[in-house]
Structures are given as C-alpha cells and as structure tokens.
Amino acid sequence: MYFCGMNIEHFLSSSLSPIINELFGLTTNPNDIILQKTKKEFEGDYTLVTFPYIKAAKATPEKTGELIGEQLLKHHSSVTQFNVVKGFLNFSLSNDFWLTEYKSISQMSNYGIKEANSSGKQIMLEYSSPNTNKPLHLGHVRNNLLGYSVATIIKTQGHEVIKVNLVNDRGIHICKSMIAWKLFGNGETPQSTGMKGDHLVGKYYVEFDKAYKKEIQTLIDGGATKEEAEKQAPIMLQTQEMLLKWEANDPDTIDLWKMMNGWVYDGFGVSYKKLGVDFDKMYYESNTYLLGKEVVQEGLTKGIFYKKDNGSICIDLTNEGLDEKVVLRSDGTSVYITQDMGTAIERFKEFPKINQMIYTVGNEQDYHFKVLFKILAKLGYSWANECYHLSYGMVELPEGKMKSREGTVVDADDLMDGMVATAKETTKELGKVEGFTTEELETLYQTIGMGALKYFILKVDPKKKMLFDPKESIDFNGHTGPFIQYTHARIKSILRKFEGNLQSILISDHITLHEKEKELIKLQYEFPYILEESAKTFNPAVVANYIYELTKLFNQFYNECPVLKEENNTIKEFRIKLIDSTASIIKNGMTCLGIDVPERM
RNA sequence: GGUCCCGUAGCUCAGCUGGAUAGAGCAACAGCCUUCUAAGCUGUGGGCCAUUGGUUCGAAUCCAAUCGGGAUCACCA
C-alpha cells in the first residue's frame, strides 16, 4: 500500500477532510486521511476505507461511503464516479485529470530527480572497505553495489554525498600473505605470473594457511596440545615478528608491504572499474589505526571510561542493555573500536559540514556499531545521532556461509567474467546485433552481464540475507536486469524510427486514454515518491522493484497499443511522448542501481 | 545462556507505518512472431503467510509465547 503521490494525495485529502468533517462533525485534518490505490479487481483510481468514520457517521460502512462519495462527486469536477464495496469507497478521476497530470510529467527533464541545492545535506557514506590480503568475493560485491547505489539514490534527493573507502591495509592478516610470499613466492610478481595482483596476494594468504596447518599438525604429532601448537608454529611466530617490524617502521618490511599492497590496489582498481563503483576519498587504516587514543584519555578524565586493575580501559554499557567494552588494551594499544572512534571524530573535523555518516557494513557487525555510536554519544558528540549503520545481510551459498580460508567463496572477478560471458553467449544466440562494431559488442556484453548481476543483488531488501546458487546461473528472463534493459532498448528502437520531432510534440487535450496508458501515467507519477522512499530507507530494492513494475506494464502496453502504426496522429504523438518518458524513468531508475541501459540489444 | 535479525507457492523474492479474493519471476503445462525487437505477451495449476494465543469491526502486517534458522556477546578486525 503506497502513498499515492503527494499532489494527488494532498489534493484529495484536502478535499475529503472538509467533507468528512462537515458530514460527521469531526475535526480530521488532511494528513489523517489515508488513501490507497484501488485494487485492480475494482473499478476506480483511489480508495478510502470508511471504517474509521462509521462511529461518527452512525451509519453502516456502505452508507458512510455513499455519503462521502456523493459529496465528493458534487464538489469535485475531477472525480467522475464512485462505488462502494463493503467499507471501501472507490472513486475514479477523470480522463482529463490524468492527461493534465501527464503533461506536467512529460515536460520535466529528469522527472523525480532533484538537483543538488543549498538546502540539501552533505552526507558521508562509507562502503567497500576491503582487506588487502585477498581478492574481493560475492559478499564484497553486495557491499559495493549497495553502497554505490544508496549514494546515488541519496543524491537524487538533492543531497551531496561523499563516498569514502576505508581500506584495511595493515595487521596480522596482511603479514600472513607477506610471510608466505617471502617463504614460498620465489619472487613471483603479477607481471611474471600474469595474475591479477589481488589474486596473487590472495594465493599466498591461502599458502600461509596451508603451511600453518601443516606445522600445527607436526607439533601435535610431536606431543604438543592443539593450543600450544597454534601458538608455537614457526610461521605464526615469524608473522607476529613481522607485524612488530612493520609497526617499528622497518624499511625492508615496509617496502615489501608497499609492494604487495600495490599489487592488490592494481587488482582492486580493475574490479572496481568492472563493478562501476568509485570513491571520493580513500582512507587507509595504516594512517588511522593510531587515532582514538587521545579520545580515550579524554573520556577517562571525564569519567566515561575507567581503568581496570589490569590496566585496560573500559566503558560500562550495561545500563544501556549492552556489555562492558574494552577501548584500550592493557599494553596501551588500540582495539578495533578505538580506531573507529578516532576515525569518526577525525572525519567530522575534516568535513565540518557533514550532517550524516553512513557505514555500509554487514549485519554481523550490528553490535559493534551500536556500541560505537553509544560511546560517541556519551563522549558528547552531538553528531553521534546522525551516524547510521547501513547493515546488510550475508550472501549465503547453498552449502552455507562463505569462508575464504576454506575456499567456499565465489570470487568477484570470476563471477563478473562469467556473467559477461553468458551475456555474450545469449546475445549471439539471439542474433539481433547486426551492425555493431566489435567494441560496441564488448560494451554491450559488459552492460548486460553486469546488469544481470547487479539487478539480481539489488532487487532484494538489503537487510535480508540472500541466497546465491552458483550452479543455477543468474537468469536473463523475467524479473531481471536484462529484461529491463531489453525493454529500454525496445522503446529506443521505436523512438529511432519515429520520423517526427519528439521535442516539438504538444500533447492534445482531447485524448481518451487507453487503460494501459492511464496505468502508465499513474505509475510514472509515483516515481519521485519511490525515490524518496528508497532514499529514506536506504533501500535500492524499492527502486528496483518499481522499475520492474513499470517495465512490465510497458510491455503490456506494447502488446496492446501500437505506437508507430497508430493511424490517429494525435494518439501516435501522445504515445511517442509516453514511451519516451517511460524510457527515461527506466534509465534514471537503473542509474540509481548503477546499471546501464543500452540503446539497442 | 543474554541480545539482535529472519521463517510468505517446489525455488528466488515482493507485500509488513493494520484494510477487499496474499502478488511477481523461475520451474511445469497450454496458447501468441507475414504487425513497432518473442531477452516479450496471454492463460492454467501451485499458499493453514512456521505454530499457538492476544489486540481490533478487520492481522501475512501490531503484541506475547513456542518451534525452526542465522548473527553476535574478544585485550581479532
């Protein structure tokens, strides 16, 4: 049940409230009156549920509906008829009403999208945040697509968005890849192996794990307990030593670190480009991991934190329904949340104008962010309330959760390449691409393959975990990206064949709308409210599902109403306009999802 | 065990700020290409909306309990 657009809703509600008040002696105001779109099985455009008024009316729901309906009909020329079924008052708006509405829609360029303006907010949105020890996998894909899409959707509301990426480029896990490469790498480089840099480094992350496990087994066979073995394995000791060297700025270690991270960044760059995502600013944990310590001191003097006997510094959140949380280790070093506190404070200093900070991070960290925001609020940062954890569900495989070390991951590059390859195959099979240059074809395969993948992921509510079965490849028919892209191409094909001048078409006042035309107008009318809703809830699936509905409706229209073959020129020109604005909403909606739509396919 | 999230068609998902007979896609079956792109359209079958109670004129939707699944509760990140 959607709010039916603001203008119409407001217009109707404000017409209805005096009627209801006068009839039944109530004092409702227009905002209290809830209208809904009339269900398909019934005659009418909008529906008012009369149950709330039957007491005051001292009448049956049917009678109440009749009374309101009669008044509405009498006072409003746009309302042409009504009917009452049980407690539901359905009324219809006139042909002219919809036609007039459509005229104003068709005159707007980028209907529903607000330009950045001075009243808009400045919002920082963090997403992606990869580790530099392994390539991206399907989970990262969801994060990246979601973050990028939400940023784009927020921009349509006239806000400025600063997209940031906080790269986890240091720590023990990075050292693992480094040690393994040093021990077993024989000087391999992306150049010498032809491997993508992130994959090469990832290979050594796996190598580390193999060697580590082998050493543990040897130690256990020699009589050690599992716990002892895990601590004493030489490769682990070497890794810990390397981390200390890194923190001490040992030149050789830093050089190795820079070299291998460089490989990873080259690899990520390629993946990001394929994904079509970008960032306005990069943050690196190697620069931020020491932040937050002073704040801990500050909190200590304010009495928000306290020192335990063992020297660690904590905060007690048990009154808030949370636990006690360590914010500084007894050896004085930071924990995860210390950095996050410091980084947040730093960002608000660096960008004093930001009104909101959004973190795109998986729902496994729900608790962490609850604690983080609570601590920031306690420290007295008023903007703590404007921090938001854009939490999304895990992507699960049929066998369960993905685990990097166990090799049960779907690699992002493999996945994307596979989708593009399937797109190529399917396109060739259908054979509709005569006259494309080789370059255009490559772009098209890319567009379709990535469109399928992106739509597949973004059409589901981010909050929910989603299942991905690699064996059942992503579909190109039905509720999919390619279906929407195809429809767009179809419209564009008609527009290319139209011989008149699209810009100069004036919509006649004397058109009797076909049922499907009216439905198309009604649905187009909703687009701005869909964007609003989607931005407000940080949910691209709202846009995705809307665009699908619009597309499906267009295809029904396409099957019932000829455009170019329509003999009545007035109607033909109107239809040209109608499909043109449909195409542009499809395009703009898909852009919100980071999906391109081709002119031909 | 505490806290949080989730259970809708065989499968993947909409609908959830309470409203009419719970919707799509995939899969299955049956139709539609001398007509603007069939990656399309039309139709058929498929549901105790996990269960039980409660609130309400009205519950898939709100509340509680139960069952089932997941996450989290580190001086890891």
Side-chain angles (χ1 to χ4, degrees), chain A residues 1-3 34 36 38-42 47 49-52 54-55 61 85-88 90 129 131 168 170-173 285 289 308 310-314 321-337 339-340 362-368 370-371 391 393-394 396 400-401 423 426-427 429-430 432 448 452 456 459-461 463-469 472 475-487 489-498 541-542 544-545 548-549 551-552 554-566 575 579 600-601:
Chain A
M1 185 216 38
Y2 276 110
F3 41 80
I34 296 159
Q36 50 193 277
T38 301
K39 290 206 163 199
K40 268 218 170 80
E41 312 86 79
F42 300 94
T47 297
V49 180
T50 63
F51 286 104
I54 57 176
K55 261 186 196 162
V85 182
K86 295 193 212 167
F88 300 89
N90 306 315
S129 309
N131 291 332
N168 189 338
R170 62 162 287 282
I172 195 85
H173 51 293
E285 270 197 21
Y289 82 108
K308 291 182 81 167
N310 60 19
S312 62
I313 297 175
C314 298
L322 303 171
D323 296 312
E324 182 181 75
K325 178 75 193 173
V326 172
V327 292
L328 209 59
R329 293 191 190 105
S330 46
D331 64 4
T333 56
S334 299
V335 292
Y336 179 42
I337 204 157
Q339 302 174 39
D340 273 3
N363 65 7
E364 54 201 352
Q365 294 196 35
D366 283 356
Y367 181 75
H368 170 77
K370 237 185 234 178
V371 172
S391 165
M394 300 290 95
E396 286 179 6
K401 212 187 156 182
T426 311
T427 306
E429 260 170 44
L430 292 169
K432 301 187 198 174
I448 297 171
F456 178 83
K459 76 171 172 183
V460 346
D461 186 335
K463 287 194 295 291
K464 297 195 175 175
K465 63 169 186 243
M466 63 179 291
L467 193 105
F468 176 74
D469 189 347
E472 287 176 30
D475 231 301
F476 282 41
N477 299 317
H479 189 181
T480 67
F483 165 67
I484 296 168
Q485 292 172 322
Y486 170 74
T487 304
R490 225 178 191 187
I491 297 174
K492 287 294 177 177
S493 166
I494 298 173
L495 293 174
R496 270 193 304 273
K497 287 177 184 162
F498 175 60
V542 172
N545 288 306
Y548 172 64
E549 267 183 59
T551 303
K552 217 165 53 134
F554 168 79
N555 279 301
Q556 290 166 8
F557 162 83
Y558 178 88
N559 270 270
E560 289 183 34
C561 307
V563 180
L564 295 175
K565 298 206 157 92
E566 171 58 46
R575 287 182 178 166
I579 69 170
R600 281 186 63 190
M601 72 183 268

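A note on names: the letters A, B, ... follow the listed sequences, proteins ahead of strands, and every chain is numbered from 1.
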Going by the angle between their ring planes, with limits at 30° and 60°, are F88(A) and F51(A) parallel, tilted or perpendicular?
-> perpendicular
Nucleotide paired to rG23(B) in any strand shown, Watson-Crick or G-U, under 3.5 Å = rC13(B)
With sugar-phosphate meaning primed atoms plus P, OP1 and OP2, does V563(A) contact a base, only sugar-phosphate, or nothing at under 4.0 Å between heavy atoms?
-> base
side-chain hydrogen bond (donor to acceptor under 3.5 Å, both in side chains) evaluation trace for D475(A) with T480(A) = CA-CA 7 Å; D475(A) 231 301; T480(A) 67; over 6 Å; no
Would you mind checking if K463(A) and D461(A) are paired as a salt bridge, meaning a charged N to carboxylate O distance below 4.0 Å?
-> yes
Just call it for D461(A): base, sugar-phosphate, or nothing, with non-hydrogen atoms closer than 4.0 Å on any strand.
-> sugar-phosphate
Can you tell me how far P of rG70(B) sits from CE of M394(A), to the nearest Å?
-> 15 Å
Pairing nucleotide - rA28(B), Watson-Crick or G-U, each distance under 3.5 Å | rU44(B)
Would you classify D340(A) as touching base, sugar-phosphate or nothing, given that sugar-phosphate means primed atoms plus P, OP1 and OP2, and contacts are heavy atoms under 4.0 Å?
-> nothing
Starting at atom CG of L467(A), determine the distance to atom P of rA14(B), rounded to an integer number of angstrom.
-> 13 Å
Does a side-chain N or O from R490(A) land closer than 4.0 Å to OP1 or OP2 of rA38(B), or not?
-> yes
Paired with rU52(B) by Watson-Crick or G-U wobble geometry, both distances under 3.5 Å: which nucleotide is it?
-> rA64(B)
If you look at every strand shown and take non-hydrogen atoms under 4.0 Å, does F88(A) touch a base, only sugar-phosphate, or nothing?
-> base
May I ask whether F483(A) stacks on the base of rG40(B), given the cut-offs of 5.5 Å between ring centres and 30° between planes?
-> no
With a 4.0 Å cut-off on heavy atoms, is L430(A) in touch with a base, just the backbone sugar-phosphate, or nothing at all?
-> base
With both distances kept under 3.5 Å, what pairs with rU72(B), Watson-Crick or G-U wobble?
-> rG2(B)
Interatomic distance where NZ belongs to K370(A) and P belongs to rC4(B) [whole Å] | 7 Å
Phosphate oxygens OP1/OP2 of rG40(B): is one of them under 4.0 Å from a side-chain N or O of N477(A)?
-> yes
Is T480(A) touching bases, backbone alone, or none of the nucleic acid, heavy atoms closer than 4.0 Å?
-> nothing
Ignoring backbone atoms, test whether Q365(A) places a side-chain nitrogen or oxygen under 4.0 Å from the OP1 or OP2 oxygen of rA71(B).
-> no
Which nucleotide sits closest to the side chain of T47(A): rA20(B), rC73(B), rU37(B)?
-> rA20(B)
Base, sugar-phosphate alone, or nothing: which one does Y336(A) contact when heavy atoms must sit under 4.0 Å apart?
-> base
To the nearest angstrom, how far is M601(A) atom CE from rA38(B) atom P?
-> 12 Å
Classify the nucleic acid contact of T333(A) as base, sugar-phosphate or nothing, counting any heavy atom under 4.0 Å across all strands shown.
-> nothing
Within this structure, what is the CD-to-P distance between E549(A) and rC13(B), rounded to whole angstrom?
-> 19 Å
With syn defined as a glycosidic torsion within 90 degrees of 0 and anti otherwise, which applies to rC33(B)?
-> syn
Output, in order, the C-alpha distance, side-chain angles, deciding distance and verdict of ring pair (Phe, Tyr, Trp, His ring centres under 6.0 Å) for F456(A) and F468(A).
-> CA-CA 9 Å; F456(A) 178 83; F468(A) 176 74; 5.8 Å; yes
Is the shortest side-chain N/O distance from K39(A) to OP1 or OP2 of rA20(B) below 4.0 Å?
-> yes
Of the candidate nucleotides rU21(B), rC36(B), rC13(B), which contains the atom at the shortest distance from the side chain of K86(A)?
-> rU21(B)
In whole angstrom, give the distance that lies between atom CD of Q36(A) and atom P of rU17(B).
-> 11 Å
Touch class at under 4.0 angstrom, heavy-atom based, for K464(A) against every strand present = base
Atom CE of M466(A) and atom P of rA71(B) are separated, to the nearest Å, by 17 Å
